Amino acid sequence: MLDKSAPTSTVRASGPLSGFRIVEFAGIGPGPFACMMLADMGADVVTLDRVGAKKSMKSVAGRGRKVIELDLKDKAAIAEVLDLLASADALVEGFRPGVMERLGLGPDVVLARNPKLVYGRMTGWGQEGPLANAAGHDINYISITGALAAIGTKEAPVPPLNLVGDFGGGALYLVVGVLAALLEAQRSGKGQVVDAAMCDGAASLMSFFFDMTTLGRWTEGRNQNFLDGGAHFYGVYECACGHFVSIGSIEPQFYALLREHAGLTDADFDAQMNPKAWPALKEKLKAVFKSKTREDWCKIMEGTDICFAPVLTMSEATRHPHMVARNVFVERHGVKQPAPAPRFSRTPSAVREPEAAEIGAVMQAWKR
């Protein structure tokens, strides 16, 4: 069994989760991202990966934890994993339902060994239901929640990268669930299973829009509402240079500033909240923003209460003055990447590289 992390630093974790021990079963997507966040916040995270897997030290989602190679088909390795889990606070796995049980590492077995363990499970469809064992990806999980149908152009839905299913509805809900269960375990002394399904989380993220529909303030469809690109005062506009800017001038006082700074004296713009007027007003605004470059509009609008921002690429974002001033991006192994978030005043998170250790050394350290 080989450990693949490099002994680049001996700095102890300082985040709010310092002292918590988490075992991650290697996967892709939301599971690793969730464990990145937990590691950034100071948890001691150990990733169990297959023999021969190559860990990239430049991986953003893979940062901050030890990686141990082992063969989970080996009964001796399973015994070692159970010994490791006996001293852990939480487990995170992202296999299809039933895989951990077949390995002999299902919740019943593991919780019998460590009753206080929080058992985090990350799947797309959840642990049960008609689709539980079907393959899928982010685009499928958000399709059945109403989210994808509401995002895009009038002609067709547009996948919002894999932010809504994998990371918003998946990883972040897994982190919240694991942290809540850890808090509860400290009171009760009992662990539990956290079933984090991307379709559940993505549906939960739609709560605001279900509210708006109930209130009669949201129409099913795309480019028909004030937050989906339908309104002229909340959207993206191309500039003379070919770059884009975004505006979100919803409130009357912000809309008034937009009109002032963009020179929108046409009385037609008085009809801000009339959906029937939006298509024509949007065409007029397109012409206005096309008259200047993105740099020009930044000089005129950035920093005002118009609710304005340039639409930046990832590389541009790392150089924006606000992002630079807040150190939103850091460099690790020559790779520019987002810094840990959120921020803590007394126990700050940090990007760390753990010391190298074999599974036996980790178990020994965790038993102290």
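Since the model is a prediction, treat every value here as computed from it, not as a measurement.
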S.K.: Measuring from Thr123:OG1 to Met198:CE, what's the distance to the nearest 0.5 Å?
M.R.: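 Between atom OG1 of Thr123 and atom CE of Met198 there are 6.5 Å.
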S.K.: I'd like to check the side chain to side chain contact (heavy atoms under 4.5 Å, CB included) partners of Asp108; sequence neighbours left out, ordered by chain and number.
M.R.: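 With sequence neighbours excluded, Asp108 shows a side chain to side chain contact (heavy atoms under 4.5 Å, CB included) to no residue whatsoever.
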S.K.: Sequence neighbours excluded and cut-off under 3.5 Å, please list the side-chain donor-acceptor pairs for residues 340-349, or say none.
M.R.:
from   : atom 1 : to     : atom 2 : distance (Å)
Arg343 : NH1    : Arg326 : O      : 3.0
Arg343 : NH2    : Arg326 : O      : 2.6
Ser349 : OG     : Asp40  : O      : 3.3

S.K.: Would you check, one step at a time, whether the test side-chain contact (heavy atoms from CB on, under 4.5 Å) holds for Ile22 with Arg65?
M.R.: CA-CA 10 Å; Ile22 298 172; Arg65 53 250 207 218; over 6 Å; no
S.K.: With heavy-atom distances below 4.5 Å as the criterion, would you say the side chains of Asp89 and Val118 are in contact?
M.R.: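 Side-chain contact under 4.5 Å: no.
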S.K.: List for me each residue that meets side chain to side chain contact (heavy atoms under 4.5 Å, CB included) alongside Val176, sequence neighbours excluded, and say none if there are none.
M.R.: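 Side chain to side chain contact (heavy atoms under 4.5 Å, CB included) list for Val176, sorted by chain: empty.
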S.K.: Test: ring pair (Phe, Tyr, Trp, His ring centres under 6.0 Å). Region: residues 51-94. Which pairs qualify, not counting sequence neighbours?
M.R.: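 For residues 51-94: none.
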S.K.: Tell me whether Leu148 is reachable from Tyr141 by hopping between hydrophobic residues (I, L, V, M, F, W, Y) whose side-chain heavy atoms are closer than 4.5 Å.
M.R.: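 Tyr141 does not cluster with Leu148.
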S.K.: What pairs with Tyr255 under ring pair (Phe, Tyr, Trp, His ring centres under 6.0 Å), at least two apart in sequence or on another chain?
M.R.: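 Result, ring pair (Phe, Tyr, Trp, His ring centres under 6.0 Å) vs Tyr255: His232.
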S.K.: Compare every heavy atom of Ile142 with every heavy atom of Pro160, then report the nearest pair and how far apart it is.
M.R.: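 That would be CD-CD1, 3.8 Å.
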S.K.: How many angstroms lie between atom CG of Leu105 and atom CD1 of Ile78, to the nearest 0.5 angstrom?
M.R.: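 Spacing of CG (Leu105) from CD1 (Ile78) equals 4.0 Å.
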S.K.: So with a 6.0 Å cut-off around CD1 of Ile28, is the heavy-atom count from everything else above 12?
M.R.: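 No.
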S.K.: What pair of heavy atoms forms the shortest contact from Ser87 to Trp366, and how long is it?
M.R.: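 Closest approach of Ser87 to Trp366: CB-CB, 3.8 Å.
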S.K.: Is there a donor-acceptor pair closer than 3.5 Å between any side-chain N or O of Gln272 and the backbone N or O of Ser249?
M.R.: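 Here the side-chain-to-backbone pair exists.
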S.K.: Quick check: is Ile144 connected to Ile151 through a chain of hydrophobic side chains (ILVMFWY, heavy atoms under 4.5 Å apart)?
M.R.: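 Hydrophobic grouping puts Ile151 apart from Ile144.
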S.K.: For the residue pair Ala147 and Val164, what are the closest heavy atoms and their distance?
M.R.: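 For Ala147 versus Val164, the nearest heavy atoms are CB-CG1, 4.4 Å.
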S.K.: Can you measure from SG (Cys35) to CG (Leu174) and round to the nearest 0.5 angstrom?
M.R.: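 So the SG of Cys35 and the CG of Leu174 are separated by 7.0 Å.
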S.K.: Name every donor-acceptor pair, under 3.5 Å, that has one atom in a side chain of residues 281-289 and the other anywhere in the protein, sequence neighbours excluded.
M.R.:
from   : atom 1 : to     : atom 2 : distance (Å)
Lys282 : NZ     : Gly229 : O      : 2.2
Glu283 : OE2    : Lys286 : NZ     : 3.2
Lys284 : NZ     : Asp266 : OD2    : 2.7
Lys284 : NZ     : Asp268 : OD2    : 2.6

S.K.: For the pair Ser18 (side chain) and Gly42 (backbone), establish whether a donor and an acceptor sit closer than 3.5 Å, ignoring hydrogens and angles.
M.R.: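 Checking the backbone N and O of Gly42 against the side chain of Ser18, no donor-acceptor pair under 3.5 Å is found.
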S.K.: Can you pull the ring pair (Phe, Tyr, Trp, His ring centres under 6.0 Å) pairs that have at least one residue in residues 190-220, sequence neighbours excluded?
M.R.: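 Only Phe209-Trp218 qualify under ring pair (Phe, Tyr, Trp, His ring centres under 6.0 Å).
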S.K.: Taking it one step at a time, do Ile359 and Asp83 satisfy side-chain contact (heavy atoms from CB on, under 4.5 Å)?
M.R.: CA-CA 10 Å; Ile359 192 167; Asp83 286 342; over 6 Å; no
S.K.: Check the side chains of His243 and Glu316 for a donor-acceptor pair under 3.5 angstrom, ignoring hydrogens and angles.
M.R.: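 Glu316 vs His243: no donor-acceptor pair found between side chains.
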S.K.: Could you note down all residue pairs passing side chain to side chain donor-acceptor pair (under 3.5 Å) where residues 154-172 supplies at least one of them, sequence neighbours left out?
M.R.: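 Non-adjacent pairs meeting side chain to side chain donor-acceptor pair (under 3.5 Å): Thr153-Glu155, Asn162-Asp166.
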S.K.: Same cluster or not: Leu257 versus Tyr234, using hydrophobic residues (I, L, V, M, F, W, Y) connected whenever any side-chain heavy atoms lie under 4.5 Å apart?
M.R.: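 In one cluster: yes.
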S.K.: Is the backbone N or O of Met212 less than 3.5 Å from a side-chain atom of Arg217, with the two atoms forming a donor-acceptor pair by type?
M.R.: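 No; judged by distance alone, with no hydrogens or angles, the pair does not exist.
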S.K.: Just checking Lys290: does its NZ atom have more than 12 heavy atoms from other residues, nucleotides or ligands closer to it than 6.0 angstrom?
M.R.: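 Result for NZ/Lys290: enclosed.
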S.K.: Got a sec, which pairs hit salt bridge (Lys or Arg N to Asp or Glu O under 4.0 Å) with one end in residues 119-140, sequence neighbours left out?
M.R.: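 Matches after skipping sequence neighbours: Glu93-Arg121, Glu101-Arg121.
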S.K.: Report yes if the side chains of Arg332 and Glu353 come closer than 4.5 Å at any heavy-atom pair, otherwise no.
M.R.: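 Touching, per the 4.5 Å side-chain cut-off.
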S.K.: Holding to ring pair (Phe, Tyr, Trp, His ring centres under 6.0 Å), I want the full list of residues that pass it with Phe233, two or more places apart in sequence or in another chain.
M.R.: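 Only Trp278 meet the ring pair (Phe, Tyr, Trp, His ring centres under 6.0 Å) criterion with Phe233.
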S.K.: Would you name the heavy atoms of Arg96 and Ala135 that are closest together and state the gap between them?
M.R.: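 Arg96 and Ala135 have their closest heavy atoms at NH2-CB, 3.4 Å.
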S.K.: Test side-chain hydrogen bond (donor to acceptor under 3.5 Å, both in side chains) on Glu302 and His320 and set out the steps.
M.R.: CA-CA 12 Å; Glu302 196 165 24; His320 188 277; 2.7 Å; yes
S.K.: Are Leu17 and Leu179 packed together at the side-chain level, in the sense that at least one heavy-atom pair is separated by less than 4.5 angstrom?
M.R.: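 Yes, at least one pair of side-chain atoms sits under 4.5 Å.
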S.K.: From Leu48 CG over to Glu24 CD, what is the distance, rounded to the nearest 0.5 angstrom?
M.R.: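 That separation rounds to 8.5 Å.
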S.K.: Quick one: which residue pairs count as a ring pair (Phe, Tyr, Trp, His ring centres under 6.0 Å) with a foot in residues 158-182, not counting sequence neighbours?
M.R.: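 Listed once each, the pairs are Phe33-Phe167.
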S.K.: Just by modelled atom types, is the Asn225 backbone N or O under 3.5 Å from a matching donor or acceptor in the Asp228 side chain?
M.R.: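 Side chain of Asp228 to backbone of Asn225: a pair is present.
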S.K.: Under a 4.5 Å cut-off applied to non-hydrogen side-chain atoms, are Leu91 and Met100 in contact?
M.R.: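 In short, these two side chains touch, coming nearer than 4.5 Å.
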S.K.: Any link between Leu103 and Leu85 through a network of hydrophobic side chains (Ile, Leu, Val, Met, Phe, Trp, Tyr) touching at under 4.5 Å?
M.R.: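 Yes, Leu103 and Leu85 fall within the same hydrophobic cluster.
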S.K.: Can you tell if the side chain of Cys241 reaches within under 4.5 Å of the side chain of Glu295, non-hydrogen atoms only?
M.R.: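 Contact flag for Cys241/Glu295 side chains = no.
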S.K.: Find out whether Val330 and Gln337 are in side-chain contact, i.e. whether some heavy atom of one side chain is under 4.5 Å from a heavy atom of the other.
M.R.: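 Yes, their side chains come closer than 4.5 Å.
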S.K.: Nearest 0.5 angstrom please: His261 NE2 to Phe308 CZ, how far?
M.R.: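 The NE2 atom of His261 sits 11.0 Å away from the CZ atom of Phe308.
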S.K.: Are side-chain heavy atoms of Leu82 and Val110 found at a separation under 4.5 Å?
M.R.: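 Side chain of Leu82 against side chain of Val110, heavy atoms only: contact under 4.5 Å found.
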S.K.: Treating Ile, Leu, Val, Met, Phe, Trp and Tyr as nodes and any side-chain heavy-atom pair under 4.5 angstrom as an edge, say whether Phe269 and Leu258 lie in one connected cluster.
M.R.: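 Yes; Leu258 is reachable from Phe269 via cluster members.
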S.K.: Determine, stepwise, if the pair Arg259 / Asp270 fulfils side-chain contact (heavy atoms from CB on, under 4.5 Å).
M.R.: CA-CA 10 Å; Arg259 294 189 65 177; Asp270 293 346; 2.6 Å; yes
S.K.: Hey, does Phe20 have a side-chain heavy atom less than 4.5 Å from the side chain of Leu38?
M.R.: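 A side-chain contact is absent here, since even the closest heavy-atom pair is not under 4.5 Å.
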S.K.: What do the steps show when you test Glu80 against Asp74 for side-chain contact (heavy atoms from CB on, under 4.5 Å), and what is the final call?
M.R.: CA-CA 10 Å; Glu80 287 189 299; Asp74 182 349; over 6 Å; no
S.K.: Please list all pairs passing the side chain to side chain donor-acceptor pair (under 3.5 Å) test where one or both residues lie in residues 183-195, with sequence neighbours left out.
M.R.: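 Residue pairs passing side chain to side chain donor-acceptor pair (under 3.5 Å), neighbours aside: Glu184-Ser188.
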S.K.: Tell me if the CZ atom of Arg113 is crowded by more than 12 foreign heavy atoms within 6.0 Å.
M.R.: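 Yes.
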S.K.: Charged N to carboxylate O below 4.0 Å: is that the case for Asp44 and Arg352?
M.R.: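 Not counted as a salt bridge, because no side-chain N and carboxylate O are separated by less than 4.0 Å.
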S.K.: Just by modelled atom types, is the Gly126 backbone N or O under 3.5 Å from a matching donor or acceptor in the Asp200 side chain?
M.R.: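 Answer holds: no.
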S.K.: Roughly how far, to the nearest 0.5 Å, is OG of Ser143 from NE2 of His137?
M.R.: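 The distance works out to 12.5 Å.
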